[in-house]
There are 2 protein chains.
Amino acid sequence: MANLSPTFSPLYQQIKSLILQALEAGEWAPGQAIPSEQDLAVRFGVSQGTVRKAVDELSAENILLRRQGKGTFVASHHDPRASFRFLRLVPLAGGAGQPKSFPLECWRARAGQEASKNLHVALGSPIIIIRRLLKFDVKPVVVDEIYLPGEMFQGLTLEILQEWEGSLYSLFETRFGLRMIRASERIRAVAAERQVAELLGVAEYTPLLSVERVAYTYGDKPVEWRRGLYSTAEHFYLNELS
Amino acid sequence: MANLSPTFSPLYQQIKSLILQALEAGEWAPGQAIPSEQDLAVRFGVSQGTVRKAVDELSAENILLRRQGKGTFVASHHDPRASFRFLRLVPLAGGAGQPKSFPLECWRARAGQEASKNLHVALGSPIIIIRRLLKFDVKPVVVDEIYLPGEMFQGLTLEILQEWEGSLYSLFETRFGLRMIRASERIRAVAAERQVAELLGVAEYTPLLSVERVAYTYGDKPVEWRRGLYSTAEHFYLNELS
DNA sequence: CAGTGGTCTAGACCACATG
DNA sequence: ATGTGGTCTAGACCACTGC
């Protein structure tokens with residue numbers, strides 16, 4: 001005789017929301033352990049199994065990370081295993097490890113139609129634009145143009161970008177407290193314009209992958225919009241389907 | 001004092017394997033219901049919770065499909081909801097529903113280097129090659145060249161392909177008893193050659209997405225290798241990352 | 001109404017990491 | 001030895017479907 005159920009929501013879903021709220025509020029820092037399942041069960045007044053199911057889902061979404069015997073940790077882009085977690089580019093001929101980022105420019109502007117729509121900010125509001133190069137070994141492979149809401153990234157400069165060792169998202173995390181949770185990419189094929197062609201060391205009009213990405217933090221809030229142009233002469237974009 | 005554990009495998013994993021074996025052996029047909037969790041628990045001599053965890057994973061892998069109140073069903077490409085399940089192409093401007101397949105050619109050949117490697121068949125063994133067009137509404141958007149191991153697809157002809165209503169994989173399922181479980185795609189950008197350009201109604205050298213796919217059935221056995229050329233004038237390839 | 005999947009609990013025990 | 005996540009059980013009850 002409980003729950004007359006047009007509004008039925010399982011307990012573990014509610015627990016999941018509570019954990020997400022705690023994460024969003026910064027109660028536990030990225031890379032650090034959250035309380036044990038037992039402790040959470042007591043805190044939320046449910047059984048351990050129910051907490052477990054909530055954590056299971058968050059873990060499947062790469063928001064938490066379980067390590068048997070050690071604990072459950074807040075996923076972090078600072079973790080080398082998760083660096084470039086969203087980059088699906090793979091060298092054709094095995095080899096080559098981590099790519100390296102080379103920021104070229106960083107300037108302020110005002111949001112146009114597209115930026116406004118993708119970042120959910122008002123038309124004309126301040127944004128930051130970054131241009132950068134991604135290299136595998138010494139080979140330039142990607143040119144990115146990255147759009148950020150100015151409000152969230154106050155004080156960001158080219159120098160900060162250039163001095164940072166590691167992925168862009170780990171910088172976002174450490175320096176601006178923003179954790180990228182998921183992203184959505186739209187891929188098309190385009191011809192290289194002259195400037196891009198020069199940066200990538202390919203001929204003008206060479207076909208390139210255009211990868212537009214919107215990246216989100218908690219609550220499906222968009223934080224970054226970028227457009228990458230990928231040279232697929234010696235790399236490909238790998239996607240596993242199931 | 002059980003399981004001295006270099007070889008530890010949880011019970012539910014073993015149950016999962018047993019269910020997969022039954023599926024592979026054709027004990028339950030695609031689209032049909034498998035026994036209830038209770039029945040399976042009895043059959044395998046474990047608790048319902050353990051069966052449940054096994055089914056949970058198979059369901060997450062899109063191999064089974066749960067429907068509350070009705071039962072658990074074998075996933076089928078014949079199901080309209082799963083038609084073109086692996087096709088990530090989306091119209092730029094909303095609209096347009098299901099694509100439609102237009103087989104153009106179908107002939108026999110012998111496996112070359114690439115086909116041999118991708119399909120795990122011997123060099124020179126018989127293969128079938130299909131060329132087809134995919135249209136959204138009346139617009140041609142994809143040209144596919146599809147390579148199949150001849151042994152598995154005896155009797156396949158252009159007529160059969162052309163008469164078939166529905167996706168290619170639902171034909172594989174119904175007519176050859178082959179169920180595609182997962183696939184892996186490698187995407188690059190290429191320039192349209194003349195013949196392809198004509199088929200797609202674009203200019204020669206237009207940048208296209210080259211999508212190479214290997215599709216697998218049970219036991220990670222490759223069954224199909226295809227190369228699609230996608231026109232991204234009015235469509236894009238959508239990929240969700242997490 | 002009966003049958004199915006879905007949730008929740010409480011408790012026992014196992015595997016892994018660390019001191 | 002202790003604490004953590006991981007597995008397994010048995011049983012109760014809820015929500016959904018269809019007869």
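Per chain, numbering begins at 1; letters A, B, ... match sequence-line order.
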When Gly69(A) and Gly49(A) are each assigned the nearest nucleotide of DNA chain C, the 5'-most assignment goes to Gly49(A)
Can you tell me how the ring of Tyr169(A) sits relative to the ring of Phe172(A), calling it parallel under 30°, perpendicular over 60° and tilted otherwise? tilted
Kindly assign one of parallel, tilted or perpendicular to the pair Tyr237(B) and Tyr230(B), based on the angle between their ring planes and the thresholds 30° and 60°. tilted
Could you state the [atom1]-[atom2] distance from [X] to [N], rounded to the nearest angstrom?
X	N	atom1	atom2	value
Gln48(B)	dC8(C)	CD	C1'	13 Å
Gln14(A)	dC14(D)	CD	C1'	14 Å
Gln68(A)	dC14(C)	CD	C1'	9 Å
Asp56(A)	dG5(D)	CG	P	11 Å
Arg52(B)	dC8(C)	CZ	C1'	12 Å
Arg67(B)	dG18(D)	CZ	C1'	13 Å
Lys70(B)	dA15(D)	NZ	P	20 Å
Gln38(A)	dG3(D)	CD	P	12 Å

OP1 or OP2 of dT9(C) under 4.0 Å from side-chain N/O of Thr50(A): yes
dG3(C), OP1 or OP2 - any side-chain N/O from Ser36(B) closer than 4.0 Å? no
Measure from the side-chain heavy atoms of [X] and tell me the nearest of [options].
X	options	result
Leu11(B)	dC8(D), dT7(C), dG5(D)	dC8(D)
Ser47(A)	dG5(C), dT9(C), dG5(D)	dT9(C)
Pro10(B)	dC8(C), dT4(D), dT7(D)	dT7(D)

Could you tell me if Arg182(A) sits above the aromatic ring of Tyr216(A), with its cationic atom closer than 6.0 Å to the ring centre and no more than 45 degrees from the axis? yes
Check whether Tyr218(B) forms a cation-pi arrangement with Lys221(B) (NZ or CZ under 6.0 Å from the six-membered ring centre, at most 45° off the ring normal). no
Which part of the nucleic acid, if any, lies within contact of Val55(B), taking any heavy atom under 4.0 Å across all strands shown: a base, the sugar-phosphate backbone alone, or nothing? nothing
Does a side chain donor of either Trp164(B) or Ser170(B) reach within less than 3.5 Å of an acceptor in the other side chain? yes
